[in-house]
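Accompanying notes for the structure given below.
Only heavy atoms go into these numbers, but all of them, side chains included; no hydrogens, no water, no symmetry mates. It should be emphasised that the depicted structure is a prediction, and the values quoted were computed from it without experimental measurement.
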Amino acid sequence: MNPHRLRRWSWAVSGGLALIAASTSLAAGPKSGTNPAPAAVRLDYIDTMIRESWESASIKPSRPATDEEFLRRAYLDVLGRIPNIKEATSFLASGKDPGRRAKLVDYLLASPDYPKHFATLWKVTLLGRKRPDRDVDPDALTAWFRRGFAENRPWNEFARDLIVAEGSNKENGAVNFTLAHMDEGAVNLTSITTRVLLGQQIQCTQCHDHPSNDWKQADFWGINAFYKGLKKQDVMAADAAGTEKYDHTLLSDVPTDKFASFERRDARLGIAFPTFLDGRKISQDKDVNRRKALADFITEPKNEAFSKAFVNRMWGHFMGRGFVQPVDDFGDHNPPSHPELLDRLGQEFRDGGYDIKNLIRWIMNSEAYQLTSQATKDNEKDETLFSHMALKPMSPEQLFDSLIVATAAHKAGGGEDNTKRRDAWMGQFIFAFANDEGEEGSSFQGTIPQALMMMNGELMEKAVGGKNGSFLRDLLDRAQLQAKGSVEGYVVNALYMAALSRSPTRRELDTARAYLSNNYDTINVMEDMFWALLNSNEFVLNR
């Protein structure tokens with residue numbers, strides 16, 4: 001262990017222990033009052049139904065989240081990062097404004113980081129994080145989603161385009177969803193279509209009837225038959241040297257009257273023509289565009305499963321779990337925790353034109369979303385009634401972007417440099433945290449390899465460095481010029497606001513100031529403090 005790392009370890013187990021312990025207790029400033037809810041029938045209904053579930057279970061909810069807790073949570077959920085110091089102090093200074101939280105939600109939804117974050121979320125949902133084969137362009141899919149979220153496109157239009165997209169995978173990013181899953185008879189495409197857009201895991205019926213639902217083996221293959229006739233073509237182009245190289249892939253539909261064939265459990269051959277889950281069929285004529293017909297079935301307003309699947313997935317994103325959990329496993333075997341509320345929100349979402357931003361507003365302005373994550377003895381065993389906010393491990397993208405924001409690393413590197421570092425970080429994450437089946441993990445959950453990556457990784461070394469031009473060096477220079485009184489107090493307050501979006505408690509402030517005052521090498525002590533804060537549970541958890 002090198003001397004500098006040893007100092008950090010000493011800080012963590014001695015003087016810094018009080019700081020980290022206080023951080024992981026989620027202490028933060030004065031409690032805020034409950035935010036007045038926007039005048040919306042939907043929000044009133046959400047709060048009423050959730051409260052009725054608490055009363056029925058004789059559970060008392062946790063206290064409202066403090067403004068500091070709500071601020072950080074909202075930034076992570078909507079923008080995929082923590083607030084910077086300026087953003088945090090600006091919101092916290094509006095403490096007497098009764099509508100500050102609703103205004104913050106609207107502010108975040110207007111930020112360019114909202115479509116950026118949600119585009120990444122959906123790219124990961126549909127493609128994962130590993131780089132796919134050459135005929136799949138994840139960047140084009142991300143850009144397509146990003147434009148759509150920036151325009152606030154209705155969800156039914158997103159879904160329809162994903163199903164029917166054709167043409168170049170460079171020019172039409174939605175094409176990459178189908179290209180990524182169409183091989184091997186479009187079995188994976190069938191599965192992910194119903195799982196993501198309808199919340200139903202009918203892949204269980206690929207080989208046999210579902211043991212606890214009414215789904216039959218023919219249901220899976222009836223959906224699969226809609227994808228017969230897909231054709232992809234790689235297009236080559238000459239580079240500057242005249243060498244033919246891959247340029248893009250074209251996706252199209254070939255007229256077909258094919259059916260899906262499958263082996264039944266009794267070893268007989270089964271066949272299935274394009275048939276939706278409710279039994280409706282389409283013409284077998286070759287002039288029928290099967291994917292458009294499937295898109296019609298899935299996105300039509302009377303298909304309640306479509307709107308409820310998206311509402312449930314979004315509720316799960318913001319609340320840590322859906323009404324149905326896992327969020328893509330609807331069925332008689334897995335009933336929702338709040339069936340009436342899910343039905344109502346699905347209906348309101350559909351009747352409101354599948355407006356994603358409005359749905360986000362309903363969830364974030366609800367009483368349940370604005371509760372603290374600190375459970376009480378009364379509700380600590382509750383996992384389904386939303387009586388306290390769930391602790392959500394950050395995704396690797398959230399963690400990387402939050403480290404960049406906290407340490408102001410973007411000022412030193414620049415956009416392109418940060419993009420390369422982000423890609424490298426994702427590669428390290430996938431390599432370190434893949435499971436025994438070779439599948440990637442989804443979040444940082446406190447394992448030993450994850451902890452070592454955070455404590456010793458190259459990104460962390462750069463993030464907490466005190467060289468000229470760094471966040472810490474600039475902070476110390478500002479403190480020496482601007483601090484009205486204690487330089488140590490100025491530094492400690494800034495470190496806490498940068499990493500944890502809050503001011504230190506009195507105990508934390510006194511401990512850190514004493515540590516700074518008793519050491520001559522101020523910048524190295526600042527590095528140790530910042531490193532401890534960035535490795536605390538309070539930083540790596542979305543609470």
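- Across A368 and I50, no two heavy atoms sit closer than the pair CB-CG2, 4.3 Å.
- Side-chain contact between Q370 and P64 is absent, with no heavy-atom pair separated by less than 4.5 Å.
- Of the inter-residue distances, the one linking L126 atom CG with F145 atom CZ reads 5.0 Å to the nearest 0.5 angstrom.
- With values rounded to the nearest 0.5 angstrom, F330 atom CZ is found 11.0 Å from Q201 atom CD.
- Here the straight-line distance linking atom CG of D113 with atom NE2 of H117 works out to 10.0 Å at 0.5 Å rounding.
- Residues I192 and F177 form a side-chain contact, since some pair of their non-hydrogen atoms from C-beta on lies under 4.5 Å apart.
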Taking it one step at a time, do L500 and S536 satisfy side chain to side chain contact (heavy atoms under 4.5 Å, CB included)?
-> CA-CA 10 Å; L500 306 181; S536 68; 4.1 Å; yes
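- Looking at R506 and L509, their side chains come closer than 4.5 Å, going by heavy atoms from C-beta outward.
- The pair R73-D77 does not meet the salt-bridge criterion, since no charged nitrogen lies less than 4.0 angstrom from a carboxylate oxygen.
- Counting heavy atoms from C-beta on, the side chains of K392 and L541 never come closer than 4.5 Å.
- If you check the side chains of H388 and T376, you find no donor sitting under 3.5 Å from an acceptor.
- Between S53 and L385, the shortest heavy-atom contact is O-CD1, 3.8 Å.
- Between the CG atom in L391 and the CD atom in Q374 there is a gap of 9.5 Å [rounded to 0.5 Å].
- Q325 CD to M319 CE: the interatomic distance, rounded to the nearest 0.5 Å, is 12.0 Å.
- Atom NZ of K357 is surrounded by more than 12 heavy atoms from other residues, nucleotides or ligands within 6.0 Å.
- At a threshold of 4.5 Å between non-hydrogen side-chain atoms, the residues E348 and N358 do not count as touching.
- Between the side chain of N303 and the backbone N or O of T299 there is no donor-acceptor pair closer than 3.5 Å.
- Classification of the F149-F158 ring pair by plane angle, with boundaries at 30° and 60°, yields tilted.
- Of all heavy-atom pairs spanning A498 and I82, the tightest one is O-CD1, 3.4 Å.
- Between the side chain of T511 and the backbone N or O of R507, at least one donor-acceptor pair lies under 3.5 Å.
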Step by step, work out the side chain to side chain contact (heavy atoms under 4.5 Å, CB included) result for H317 and F118.
-> CA-CA 11 Å; H317 168 74; F118 270 69; 4.0 Å; yes
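- Nearest heavy atoms, V324 versus N312: N-OD1, 2.8 Å.
- A salt bridge does not link R81 to E397: none of the charged side-chain nitrogens sits closer than 4.0 Å to a carboxylate oxygen.
- With salt bridges taken as basic N to acidic carboxylate O contacts below 4.0 Å, none links D329 and R195.
- M389 is not listed as a side-chain neighbour of S62, based on a closest heavy-atom distance of 4.5 Å or more.
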Could you go through the side chain to side chain contact (heavy atoms under 4.5 Å, CB included) check for Y496 and S503 one step at a time?
-> CA-CA 6 Å; Y496 267 81; S503 299; 6.0 Å; no
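- Using modelled atom types, no side-chain atom of T372 and backbone atom of A65 make a donor-acceptor pair closer than 3.5 Å.
- Without hydrogens or angle criteria, R473 side chain to S470 main chain gives no donor-acceptor distance under 3.5 Å.
- N379 contributes a side-chain N or O that, together with a main-chain N or O of K60, makes up a donor-acceptor pair within less than 3.5 Å.
- Under a 3.5 Å cut-off, the side chain of R101 and the backbone N or O of F70 do not form any donor-acceptor pair.
- When side chains are defined from C-beta on, K116 does not count as touching L79, because their heavy atoms never get closer than 4.5 Å.
- Between F386 and W315, the ring planes are perpendicular. Angles over 60° get that label, and only those under 30° would be called parallel.
- Using a 4.0 Å cut-off between charged side-chain N and carboxylate O, R502 and D67 make no salt bridge.
- The aromatic rings of F318 and Y369 lie perpendicular to each other, with more than 60° between the two planes, well past the 30° mark.
- Counting only distance, with no hydrogens or angles, the side chain of S501 and the backbone of R72 share no donor-acceptor pair below 3.5 Å.
- Side chains of D47 and S366: no donor on one and acceptor on the other come within 3.5 Å.
- When every heavy atom of D401 is checked against every heavy atom of G80, the shortest pair comes out as CB-O, 3.9 Å.
- Note on ring orientation: taking the six-membered ring where Trp is involved, the planes of W155 and F306 are parallel (angle under 30°, cut-offs 30° and 60°).
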Would H338 and T384 count as a side chain to side chain contact (heavy atoms under 4.5 Å, CB included) if you check the C-alpha gap in whole Å, the side-chain angles of each, and the deciding distance to 0.1 Å?
-> CA-CA 9 Å; H338 298 71; T384 61; over 6 Å; no
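- One side chain, E508 or T505, offers a donor N or O that lies under 3.5 Å from an acceptor on the other.
- By the 4.5 Å heavy-atom criterion applied to side chains, L345 and Y45 are not counted as neighbours.
- Nearest heavy atom pair, residue V491 against residue L475, reads O-CD2, 4.1 Å.
- Ion pairing between R543 and E538 holds under the 4.0 Å rule for side-chain N and carboxylate O.
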Are F471 and F530 close enough, and set up right, to give a ring pair (Phe, Tyr, Trp, His ring centres under 6.0 Å), and what steps lead you there?
-> CA-CA 11 Å; F471 167 73; F530 206 28; 5.4 Å; yes
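- For the residue pair T66/E69, the side-chain donor-acceptor check at 3.5 Å is satisfied.
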Walk me through it: do E340 and R344 pass the test salt bridge (Lys or Arg N to Asp or Glu O under 4.0 Å)?
-> CA-CA 6 Å; E340 293 181 25; R344 175 70 174 271; over 6 Å; no
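- One distance of note links CG of L533 with CG of D528; it measures 11.0 Å at 0.5 Å rounding.
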